[in-house]
Protein chains: 2
Amino acid sequence: MERTTPRERRQAATRRALAEHALRLFAEQGYEATTVAEIADAADMSTRTFFRHVRDKDEAMFAADEDAFADVLRAAAAAGAHAPPLARLLHGVRVLAAAAGEDAEAKCARERVLEENPALRARDLAQQLRWQQQSEQFLRAQGVDADEASLAAGLTLTIWREAYRRWIAVSAVPGALGEFLDTVAGELPGQVAVPGARSR
Amino acid sequence: MERTTPRERRQAATRRALAEHALRLFAEQGYEATTVAEIADAADMSTRTFFRHVRDKDEAMFAADEDAFADVLRAAAAAGAHAPPLARLLHGVRVLAAAAGEDAEAKCARERVLEENPALRARDLAQQLRWQQQSEQFLRAQGVDADEASLAAGLTLTIWREAYRRWIAVSAVPGALGEFLDTVAGELPGQVAVPGARSR
DNA sequence: GTCGACATGACACATCGTGCCACAACGACG
DNA sequence: CGTCGTTGTGGCACGATGTGTCATGTCGAC
């Protein structure tokens with residue numbers, strides 16, 4: 001059932017507000033030029049309280065994403081254990097694709113900020129790695145072989161990233177991200193068919 | 001011909017020394033517990049000079065890796081433009097596998113440090129992304145279609161990471177990394193064959 | 001109304017990273 | 001021989017980040 005307490009809801013709202021203000025300020029005046037005090041001011045809190053809600057300045061921008069991934073695994077579980085591991089995970093990330101389509105403008109702004117700030121890009125990649133590891137654990141919990149689970153999770157992330165890249169390249173046309181996921185997944189066999197294991 | 005000036009060689013040596021001391025100190029006493037002053041002391045320089053050789057504390061550990069990737073693209077170019085894009089890049093990363101086999105202990109220590117410090121892990125991922133982008137540009141310069149180049153570069157990185165993970169899992173047995181590369185590449189067709197593009 | 005758990009603020013503090021100036025080594029040039 | 005410019009380095013001050021600690025406020029339970 002997953003009841004959420006008022007306290008949890010209030011904290012989630014605070015994180016969402018922090019993420020919005022951080023993204024806006026970073027986009028407007030740059031990451032380095034924005035101080036923690038400014039973000040905290042925008043969100044009506046002291047800097048000390050700021051650091052109680054997010055670990056550091058970087059995390060302000062990603063604070064809201066933390067909770068977005070549980071839906072992916074829920075959808076993946078709904079795909080059923082009869083499907084191939086990669087297909088299960090792909091079914092899950094379609095949920096993420098639908099959610100991203102909701103606020104395409106924010107995703108573009110976010111991507112511009114990541115582009116210009118290697119530190120934030122690094123943070124983003126680290127978050128994706130955590131998602132990959134959670135996906136791998138999910139598959140293993142469903143009985144998938146360890147190596148196969150790891151590779152499938154890695155491939156899923158690669159497909160997601162490539163589809164996302166193409167989606168941003170076309171200015172995040174609503175709904176197109178899901179189609180790109182299918183397109184990229186369809187290109188995989190052609191990529192891997194020939195080279196393979198030249199086992200000596 | 002690529003002649004290196006004495007100045008360049010001296011700076012490279014300094015970066016290598018910084019990387020060794022940083023990795024050792026991070027492994028011994030932890031990343032957070034190690035101050036810039038300690039690393040600088042170990043390398044016989046002031047903190048001010050430390051920041052003239054590396055951008056920040058993180059980069060101290062990665063300072064030596066910067067130059068390692070050119071060899072990969074050289075080897076990839078040697079594979080010839082008749083091979084499929086993925087095969088070309090895989091041929092390149094085998095060079096990296098051979099180099100990594102030289103100092104397996106250092107790679108294990110490094111991996112332990114990365115494991116325990118999300119900030120360093122993030123930095124590592126960002127470096128891998130830069131390599132991926134350079135690989136993509138390399139393929140495009142060879143006439144490969146943009147989307148195909150991007151996907152091939154992403155797949156290569158996924159294969160590398162999975163092979164590297166398995167190599168570390170067996171305590172970096174000398175020479176095994178190259179074999180893992182072939183193994184993982186050989187598993188790809190089985191992973192992608194079935195799920196593919198369920199185009200509606 | 002009182003109590004306890006929790007959120008917040010204020011202050012001090014260590015550390016990080018940079019701007020600026022000073023000093024030393026070294027070669028070029030008159 | 002002396003002066004200049006370049007390069008590498010250290011010292012110092014400073015803004016900014018992030019944390020420990022204590023004090024205050026808020027809110028529900030009783």
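Computed from heavy atoms alone, side chains included, the values below leave out hydrogens, waters and symmetry copies. First the proteins, then the strands, lettered A, B, ... as listed; each starts at 1.
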Between atom CG in B/D44 and atom C1' in D/dT9, what is the gap in whole Å? 13 Å
Considering only D/dG18, D/dG11, C/dG17, which nucleotide approaches the side chain of B/R52 most closely? D/dG11
Specify the separation, in whole Å, of atom CD of B/E59 and atom P of C/dG17. 10 Å
Looking at A/V93, is its backbone amide N or carbonyl O close enough to the side chain of A/W160 to form a donor-acceptor pair, meaning the two atoms are under 3.5 Å apart? no
Check the distance between D/dA16's P and B/D56's CG and give it to me in whole angstrom. 18 Å
Cation over ring face, B/K57 and B/F51, 6.0 Å, 45°: no
Closest to the A/R48 side chain: D/dT19, D/dG11, C/dG17? D/dT19
By nearest-nucleotide position on DNA chain D, the 5'-leaning member of B/T14 and A/K57 is B/T14
Over how many whole Å does the gap from B/M45 atom CE to D/dG8 atom C1' extend? 11 Å
If you measure from the Lys or Arg side-chain nitrogens to the Asp or Glu carboxylate oxygens, is any gap between B/E28 and B/R24 under 4.0 Å? yes
For B/T34, report the nucleic acid contact type (base, sugar-phosphate, nothing); a contact means any heavy atom under 4.0 Å. sugar-phosphate
Step by step, would you call B/W167 with B/F180 a ring-ring contact (aromatic ring centres under 6.0 Å, His included)? CA-CA 7 Å; B/W167 184 57; B/F180 279 130; 8.6 Å; no
Calculate the interatomic distance between B/F50 atom CZ and D/dG10 atom P; express it in whole Å. 13 Å
B/D58 CG - C/dT15 P separation (whole Å): 17 Å
Of all the choices, D/dG8, C/dG17, D/dT19, which nucleotide is nearest to the side chain of B/F51 once you look at every atom? C/dG17
Which atom pairs, donor and acceptor, lie under 3.5 Å between side-chain atoms of residues 107-118 of chain A and protein residues at least two apart or in another chain?
unit_1: A/R110; atom_1: NH1; unit_2: A/D65; atom_2: OD2; d: 2.9
unit_1: A/R110; atom_1: NH2; unit_2: A/D65; atom_2: OD2; d: 2.8
unit_1: A/E111; atom_1: OE2; unit_2: A/R121; atom_2: NH1; d: 3.3
unit_1: A/E111; atom_1: OE2; unit_2: A/R121; atom_2: NH2; d: 3.1

Report the distance from atom CD of A/E38 to atom C1' of D/dT17, rounded to the nearest whole Å. 14 Å
Against the side chain of A/H53, the closest entry in C/dT8, C/dC16, D/dT17 is C/dT8
Rounded distance (Å) that lies between atom P of C/dC16 and atom CZ of B/R55: 17 Å
Residue B/T49, side-chain atoms from C-beta onward, closest of D/dT17, D/dT9, C/dT8: D/dT9
Compare side-chain N and O positions of A/Q11 against OP1 and OP2 of C/dA7 and report whether any pair is under 4.0 Å apart. yes
